[in-house]
2 protein chains.
Amino acid sequence: MNRTNVGANLPALRSHNTALVLDLLRTAGGDGISRLELAERTGLTPQAVSKITGRLREEGLAAEAGRRASTGGKPRTVLRLVPEAGHAIGVHLDRDELRAVLVDLDGAVVGERCLPMDLGAGAEAVVEGVARAAEGLAESVASVLGVGVALPGPLDHVRGVLHRVTGFPEWDGFPLRDALAARLGLPVVVDKDTNAAALGLAVADEGASFAYLHLGTGLGAGLVIGGVVHRGARTGAGEFGHQVVQLDGPVCGCGNRGCIEALCLGAVGRGDVAEAARVLGVGAANLVGLLDIDLVLLGGRTVASAPEEFVAGVRAVLRERARGEEAVPVRIAPGGVRGVAEGAAQSLLAPLFGRADG
Amino acid sequence: MNRTNVGANLPALRSHNTALVLDLLRTAGGDGISRLELAERTGLTPQAVSKITGRLREEGLAAEAGRRASTGGKPRTVLRLVPEAGHAIGVHLDRDELRAVLVDLDGAVVGERCLPMDLGAGAEAVVEGVARAAEGLAESVASVLGVGVALPGPLDHVRGVLHRVTGFPEWDGFPLRDALAARLGLPVVVDKDTNAAALGLAVADEGASFAYLHLGTGLGAGLVIGGVVHRGARTGAGEFGHQVVQLDGPVCGCGNRGCIEALCLGAVGRGDVAEAARVLGVGAANLVGLLDIDLVLLGGRTVASAPEEFVAGVRAVLRERARGEEAVPVRIAPGGVRGVAEGAAQSLLAPLFGRADG
DNA sequence: CCCACTTTCGCAACGCTGTTGCCAAAGTGC
DNA sequence: GCACTTTGGCAACAGCGTTGCGAAAGTGGG
């Protein structure tokens, strides 16, 4: 059950166990999973699993899908999630482009729209553009759980209010979530782009702890601790770009000296990718040492321009710091250009599967 | 309910709610708390709270303690925790000293032993010393929940095995938890000193997120995120001292360059406390930005030698980085020399109050 | 082909959880 | 002294996972 400070009653118990079973059905994917396996994985009795899956089948969320080979007795019936039973929309609002995807319960993309969009065109125009894209995608399915919107810059995830989108001061304080929810009549969740990407990557690995480092026009991080995106008290966590790694170093746009972002992008500007990767690696190693995470994933346009060099450079620093012990692996984040939009859609799906926010 | 991947049944529901009520009774302290307040805080119905507190009173864990002023009707009956209903022992194994405390359910110290102890005297002698101290303290009470042991250096908190206690290679791989549990016949928990201190500080604040930075002969951190000590995948989190804040800086004992610990202790060695505090502040600011925590607490012998200067220096860096927004507060960690031992004892008490490990 | 055996899985009864309806107890205030 | 408010326990209840048991559906030896 998720960490809360509130009491739990029978309905809470039921929804917890139901979410747990749904999550296992999802992670099992197309192969499916049998009732007894569900019982083993959850610790519930087979009978309880039968009751839960029976309800899910009645609601159309689960279905039988063949059976396993017998091991000397009645073969196990395999259950699977019915992906078409629910959909969510994810929107990635970048500085110059809007990308919206429609995903099913499995997280598979079943619809997509991509159009140029100037974030500076004003709140009304952007809200309207997002709303039209969402409505267009929603047409093809019976119902939509909600819309997740991811965009750069600091924001208040809990209230869904933007703080100061870098380069677009007119957005400061705009209640994007409520404006969009009112316009669409659907639940809306607003999140930072790096957090959305991290959430999208987190759904694949149950309970993993990793950092997603995004190097594009800026440098940010999405932190996943124990399978949950860590946003912090004021939902401002992940300020990776302005970690200082060089006391009294060069001045950064933020006003400080020796920020990773300034050093890293400066090196990129000079064409010195190896140095940029080394600086990124030092920051990653700091993060790994501080939080003891399992994995570092790299993404963003700048990384995509020389993926092998960045991975190799970061990996080298982590290896050196591990001092003989096994170093934390470094990889390019899967998902590509749609990763953020897909992750934004996952904000709506996650609660179904018991993956609450952190 | 705590975040797990396991199903929950009725006994789990009951123990969750019971722990929640116990936690509220504890945080209420001597003032106590009424049944209706418990109901409001937990979200349970008053009737459920009555049943739960009724069981707690039968078990002797709770008791009635007077009544509130009436607000026009029957006055509320105040309930409080019975501190003497349970005890735990916390042991702080430092390089040259052993400190053991006996605490009650409230966390109040009701017994203490402190003796010189050379960590290099060998496993058998140290285990025996700890066992004798624990037995001596346990004599005065009916029963003890268990013993928490905190010591410096990296270790495996889950298995209770030491890795390499800095300066004492003979401890490498020693299964301290099992050895002590076998010797005493009591549950034993082993933790890093910084984590124990952090846990001790965390019990006061429900759900707080903060960092405890310990500057003594070394530099380490205990991280509390959402009221839970964050230990990481391999229970190695909190490697704060070897965060690199100066690329290609001076060589540190760990082999890297520009570690906070090397810079900070170097400055202390030169008598430049202001510079040490500035370096510590840069590290603290990195941490605050990355995790978006609420509070920074400072402790350790070196900090204790010039507390105001360290607090002021760290605070100045955080203020500068906050750029006009309200900066995260910096304080000296309360608890003093007994803080680590008290926190170690809390490792045993925490599960009673639903504060699972992170 | 039959029959003993294994394994899956649902029905029914059950124990226990928090919830609801109701009422006695214990105050305040006119 | 009486009307009113508020607390908190008793009893009945609905709903959760669990247990006991048996039907269903396979395998494999004779």
Side-chain angles (χ1 to χ4, degrees), chain A residues 1 4-22 24-25 32-59 62-80 354, chain B residues 1 4-22 24-25 32-59 62-80 354:
Chain A
M1 317 189 194
T4 57
N5 296 322
V6 303
N9 48 22
L10 266 55
L13 187 77
R14 172 176 166 155
S15 68
H16 167 80
N17 286 338
T18 303
L20 211 60
V21 168
L22 272 176
L24 287 173
L25 285 172
I33 184 169
S34 74
R35 288 178 182 80
L36 286 174
E37 280 178 89
L38 287 169
E40 282 167 29
R41 299 276 295 272
T42 57
L44 297 171
T45 59
Q47 192 53 244
V49 171
S50 274
K51 283 190 181 177
I52 293 167
T53 55
R55 286 196 299 262
L56 291 175
R57 286 169 56 197
E58 267 190 20
E59 295 166 22
E64 298 197 340
R67 32 186 57 187
R68 289 271 161 75
S70 167
T71 60
K74 179 174 176 178
R76 301 182 174 184
T77 313
V78 170
L79 299 169
R80 63 169 180 81
Chain B
M1 316 191 193
T4 58
N5 296 319
V6 303
N9 48 23
L10 264 55
L13 187 79
R14 171 177 167 155
S15 67
H16 168 80
N17 286 339
T18 303
L20 211 59
V21 169
L22 272 176
L24 289 173
L25 285 172
I33 185 170
S34 74
R35 290 179 180 79
L36 286 173
E37 279 178 89
L38 286 170
E40 281 167 28
R41 298 276 295 272
T42 58
L44 296 170
T45 59
Q47 192 53 242
V49 170
S50 273
K51 284 190 182 180
I52 293 167
T53 56
R55 285 196 301 262
L56 291 175
R57 285 170 57 196
E58 268 190 19
E59 296 166 22
E64 298 196 339
R67 30 187 57 186
R68 289 270 160 76
S70 167
T71 60
K74 178 174 176 177
R76 301 183 174 183
T77 313
V78 171
L79 299 170
R80 63 169 179 82

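Computation of the quantities below employed the complete heavy-atom set of this structure, encompassing side-chain atoms and omitting hydrogens, waters and symmetry-equivalent molecules.
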Quiz item: Under 4.0 Å between a side-chain N/O of B/Asn9 and OP1 or OP2 of D/dC16, yes or no?
Solution: no
Practice problem: Determine: side-chain N/O of A/Asn17 to OP1/OP2 of D/dG17, distance under 4.0 Å, yes or no. | Solution: yes
Self-check item: Minimum heavy-atom distance between A/Ala19 and A/Gly354, given as atom pair plus value
Solution: CB-N, 3.5 Å
Self-check item: Interatomic distance, B/Glu37 CD vs D/dT7 P [rounded to whole Å]
Solution: 10 Å
Quiz item: Earliest and latest nucleotide of DNA chain C, 5' to 3', sitting under 4.0 Å from a non-hydrogen atom of chain A?
Solution: C/dT6 to C/dT19
Exercise. Kindly check if the number of other-residue, nucleotide or ligand heavy atoms within 6.0 Å of CZ (A/Arg80) is above 12?
Key: yes
Self-check item: Residue met sooner reading DNA chain D from 5', once A/Leu10 and A/Pro75 are mapped to nucleotides
Solution: A/Leu10
Self-check item: Nearest-0.5 Å distance, NZ of residue A/Lys51 to CD of residue A/Gln47
Solution: 6.0 Å
Self-check item: A/Leu20 and A/Leu38: CA distance, side-chain angles, deciding distance, side chain to side chain contact (heavy atoms under 4.5 Å, CB included) verdict
Solution: CA-CA 9 Å; A/Leu20 211 60; A/Leu38 287 169; over 6 Å; no
Practice problem: Sort and list the pairs that fulfil salt bridge (charged side-chain N to carboxylate O under 4.0 Å, His left out) and have at least one residue in residues 62-73 of chain A, not counting sequence neighbours. | Solution: A/Arg35-A/Glu64, A/Glu37-A/Arg68, A/Arg57-A/Glu64
Quiz item: How close or far is atom C1' of D/dT5 from atom CG of B/Leu36, stated in whole angstroms?
Solution: 13 Å
Practice problem: Quick one: do B/Leu44 and B/Ile52 satisfy side chain to side chain contact (heavy atoms under 4.5 Å, CB included)? Show the steps, please. | Solution: CA-CA 10 Å; B/Leu44 296 170; B/Ile52 293 167; 4.0 Å; yes
Quiz item: With sugar-phosphate meaning primed atoms plus P, OP1 and OP2, does B/Ser34 contact a base, only sugar-phosphate, or nothing at under 4.0 Å between heavy atoms?
Solution: nothing
Quiz item: In residues 42-50 of chain B, which ones come under 4.0 Å of DNA chain D, going by heavy atoms?
Solution: B/Gln47, B/Ser50
Quiz item: Step by step, would you call A/Val21 with A/Thr53 a side chain to side chain contact (heavy atoms under 4.5 Å, CB included)?
Solution: CA-CA 8 Å; A/Val21 168; A/Thr53 55; 4.1 Å; yes
Quiz item: Where the side chain of A/Lys51 is concerned, which of D/dC16, D/dT18, D/dT7 is the nearest nucleotide?
Solution: D/dT18
Quiz item: Which heavy atom in A/Pro75 sits nearest to a heavy atom in A/Ala69, and how many Å separate them?
Solution: CB-C, 4.4 Å
Practice problem: Under 4.0 Å between any heavy atoms, over every strand shown, what does A/Arg68 touch: base, sugar-phosphate, or nothing? Just pick one. | Solution: nothing
Quiz item: DNA chain C: B/Pro11 or A/Val78, which has the more 5' nearest nucleotide?
Solution: A/Val78
Self-check item: B/Arg35 side-chain N/O to D/dG9 phosphate OP1/OP2 under 4.0 Å
Solution: yes
Exercise. Would you check, one step at a time, whether the test side chain to side chain contact (heavy atoms under 4.5 Å, CB included) holds for A/Leu10 with B/Leu13?
Key: CA-CA 8 Å; A/Leu10 266 55; B/Leu13 187 79; 3.7 Å; yes
Practice problem: Report the distance from atom CD of B/Glu64 to atom P of D/dT7, rounded to the nearest whole Å. | Solution: 15 Å
